[in-house]
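All residue numbers refer to positions in the sequence shown, counting from 1.
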Amino acid sequence: MPITDKVAAAKQIGEFLQAVISHGGFRLKYRITVDPPVAENRDWEHPEILVEFAGPDSTLLLERGGELLRAFELLASEVLHLQGNEHEKIWFDCKNFRAMRIEELQLAARAAAEKVRSTGAPYRFAPMSSRERRIVHLALREEKDLRTESDGEGGRRSVVVYPQNYKAARRT
């Protein structure tokens, strides 16, 4: 369901996080911002609610590629009853992890583009979340000599970069 009352939604997220942090024994603080200003590195993403974490246990959120941070965000989406296509409405971040990950994905997309141009062969990224796949697709959207497609199912879904006119060999 769309976020109709952002302040009430932010309050729900705050209540959820307070319970998780206190019952989980985490030493974390957080700041919730409704309608945060659009940052340079988020030019195509406009979260309605931004949650930023700090504190002694911040590193726990960022281990394994931000797995716990993403889990908190996913659970908050469930608390708000957001649909999968509304996943960009809330963003959880810690120590500028999101901006650094976006930059990393954009760099990887440019490197993959150069590899595809030089070899003429497709390049397949490792499986990634829908949000990360979207970043790769958008990073290469202006490249007229290339095309990107998502391929695979569920947690094995990844981005493949192809030369624009690439035709895959038919399987027999």
Listed partners of Glu73 passing salt bridge (Lys or Arg N to Asp or Glu O under 4.0 Å), at least two apart: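 Glu73 satisfies salt bridge (Lys or Arg N to Asp or Glu O under 4.0 Å) with Arg98, Arg131 once adjacent residues are dropped.
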By salt bridge (Lys or Arg N to Asp or Glu O under 4.0 Å) - contacts of Arg124 (at least two apart):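 For Arg124 the salt bridge (Lys or Arg N to Asp or Glu O under 4.0 Å) partners, ignoring immediate neighbours, are Asp151.
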So, do Phe72 and Phe26 have ring centers that fall under 6.0 Å from each other? yes
Test log, rule side-chain contact (heavy atoms from CB on, under 4.5 Å), inputs Ile102 and Gln106: CA-CA 6 Å; Ile102 288 171; Gln106 290 171 330; 3.8 Å; yes
Are [X] and [Y] close enough that some pair of their side-chain heavy atoms sits under 4.5 Å apart?
X      : Y      : answer
Gln164 : Lys144 : no
Val20  : Gln18  : no
Ile49  : Ile3   : yes
Val160 : Pro122 : yes
Leu17  : Phe53  : yes
Val51  : Asp93  : no

Donor-acceptor check, side chain of Tyr166 to backbone of Ala121, threshold 3.5 angstrom: yes or no? no
Main chain of Gly65, side chain of Arg70: is a donor-acceptor contact present, judged purely on distance under 3.5 Å? yes
Verdict with reasoning, Val136 to Met128, per side-chain contact (heavy atoms from CB on, under 4.5 Å): CA-CA 10 Å; Val136 173; Met128 57 181 77; 4.1 Å; yes
State the CZ-OG distance between Phe92 and Ser77, to the nearest 0.5 angstrom.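 Nearest 0.5 Å value for the CZ-OG distance: 7.5 Å.
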Run the side-chain contact (heavy atoms from CB on, under 4.5 Å) check on Lys11 and Glu15 step by step: do they pass? CA-CA 6 Å; Lys11 185 176 183 217; Glu15 290 168 357; 3.5 Å; yes
Check against side-chain contact (heavy atoms from CB on, under 4.5 Å), Glu149 and Val159: CA-CA 6 Å; Glu149 294 178 13; Val159 174; over 6 Å; no
